[in-house]
Amino acid sequence: MLVSGAQAADLGDYQEPGFEPPAAPSSIWTGPYLGFETGASQTVTDVTAGGKSKDLSRVDAAFGLFGGYNWQVSRIVLGVEGGATYLGGREKGTHPTLGTVETGAKWTASAKARAGIPLGNFMPYLSAGLAATEHSLKANGKERTSVSVGPVIGGGLEVAFRDNWRLRADYTLTGIIDDKANYGGTSVERASGNQRFMIGVSRAF
């Protein structure tokens, strides 16, 4: 009994084996990212003067930078994104009242919220926000350039690859300007919008 008691004392206090639940796998979509995009841009401007209107359209190559941050909330990825894009040059045309006019938009900068549904390495998403866009109109010897703030909406599909690289196809529609001004003694109304389809490559950090 003495030997048995000594051996029991040597064992020390009994401890139940601990259990640690495995860590939840982190989402491949969360965190910051930065990227570059290029594609095609179309700016359409409706110019109205003297009761007559004319649509002027210009298609250009476009390119820009974008960056943002994503959070995964349950089965949805929410994010914020900012970007700046070069839209192209100006279009020259003939208006029934004004004669020769030139119009176009060169650049836009936007801030958007995004929401996507991850499906493995693929994520379709929608976006909406505000964009500040430069726009110009030259008519009757007078040129007016302004920067206006309008809505921007879009959507696309993003694919995640190894080493945190991502590829996406993105469509964006931007409302640029809707105003009325005097050009060489003629009241002119202009309403303009831009749509673009871009292919982008980004790196997550």
Side-chain angles (χ1 to χ4, degrees), residues 18-45 57-91 104-135 147-177 192-205:
F19 174 75
E20 295 183 2
S26 60
S27 171
I28 61 175
W29 300 104
T30 59
Y33 60 91
L34 184 65
F36 170 83
E37 61 182 357
T38 184
S41 166
Q42 180 187 31
T43 300
V44 179
T45 304
S57 174
R58 181 179 178 89
V59 178
D60 280 290
F63 55 87
L65 298 173
F66 62 92
Y69 197 99
N70 289 329
W71 298 267
Q72 178 138 5
V73 181
S74 185
R75 303 187 69 175
I76 299 176
V77 172
L78 302 177
V80 292
E81 180 177 295
T85 307
Y86 170 78
L87 301 177
R90 299 199 300 185
E91 177 71 11
K106 289 185 179 181
W107 60 264
T108 184
S110 63
K112 301 181 291 185
R114 297 202 316 161
I117 300 178
L119 304 170
N121 287 358
F122 295 84
M123 185 177 71
Y125 63 87
L126 297 175
S127 60
L130 293 175
T133 308
E134 182 268 0
H135 189 271
V147 176
S148 63
V149 176
V152 54
I153 59 174
L157 177 66
E158 195 164 358
V159 184
F161 295 96
R162 291 183 178 179
D163 299 325
N164 294 327
W165 287 100
R166 299 171 184 169
L167 178 68
R168 78 181 190 183
D170 182 89
Y171 173 79
T172 303
L173 177 63
T174 304
I176 297 177
I177 195 168
S192 184
N194 172 268
Q195 63 175 348
R196 55 192 180 274
F197 180 78
M198 310 288 279
I199 300 297
V201 178
S202 63
R203 179 77 155 82
F205 302 95

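All values reported here derive from a predicted model rather than from experimental measurement.
Rounded to the nearest 0.5 Å, atoms OH (Y171) and CD1 (I153) are 7.5 Å apart. Expressed to the nearest 0.5 Å, how far NZ of K106 lies from OG1 of T43 amounts to 12.5 Å. Remark: N194 CG to I177 CD1 distance equals 13.5 Å, nearest 0.5 Å. If you take OG1 on T174 and CG on L130, they are separated by 10.5 Å, rounding to the nearest 0.5 Å. Distance check: D60 CG to R90 CZ gives 12.5 Å after rounding to the nearest 0.5 Å. Distance CZ/R58 to OG1/T45: 11.5 Å, rounded to 0.5 Å.
You'll find the side chain of I199 reaches within 4.5 Å of the side chain of L167, heavy atoms only. E81 has its side chain out of reach of S127: every pair of non-hydrogen atoms, C-beta onward, lies at least 4.5 Å apart.
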* To do: Go through the steps for L34 and F205 under the test side-chain contact (heavy atoms from CB on, under 4.5 Å), then give the verdict.
  => CA-CA 8 Å; L34 184 65; F205 302 95; 3.9 Å; yes

* Are S57 and E91 close enough, and set up right, to give a side-chain hydrogen bond (donor to acceptor under 3.5 Å, both in side chains), and what steps lead you there? -> CA-CA 7 Å; S57 174; E91 177 71 11; over 6 Å; no

* How far apart are the C-alpha atoms of N164 and Y33, what are their side-chain angles, what is the distance that settles it, and do they pass the side-chain hydrogen bond (donor to acceptor under 3.5 Å, both in side chains) test? -> CA-CA 9 Å; N164 294 327; Y33 60 91; over 6 Å; no

* To do: Test side-chain contact (heavy atoms from CB on, under 4.5 Å) on W107 and L87 and set out the steps.
  => CA-CA 5 Å; W107 60 264; L87 301 177; 5.6 Å; no

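Between E37 and R196 there is no salt bridge, since no side-chain N of the basic residue sits under 4.0 Å from a carboxylate O of the acidic one.
Within a 6.0 Å radius of CG in L173, other residues, nucleotides and ligands contribute more than 12 heavy atoms. Counting non-hydrogen atoms of other residues, nucleotides and ligands closer than 6.0 Å to CZ of F36 gives a total above 12.
Proximity of a side-chain donor or acceptor of N70 to a complementary backbone N or O of V77 within less than 3.5 Å is not detected. Side-chain atoms of R203 come within 3.5 Å of backbone atoms of D163 as a donor-acceptor pair (strictly under, hydrogens ignored).
If you run side chain to side chain donor-acceptor pair (under 3.5 Å) between T108 and each of T133, T85, T172, only T133 comes through.
Closest of all the heavy-atom pairs between R166 and A160 is CG-CA, 4.1 Å. Taking every heavy atom of both residues into account, G120 and W29 meet most closely at O-NE1, 3.5 Å.
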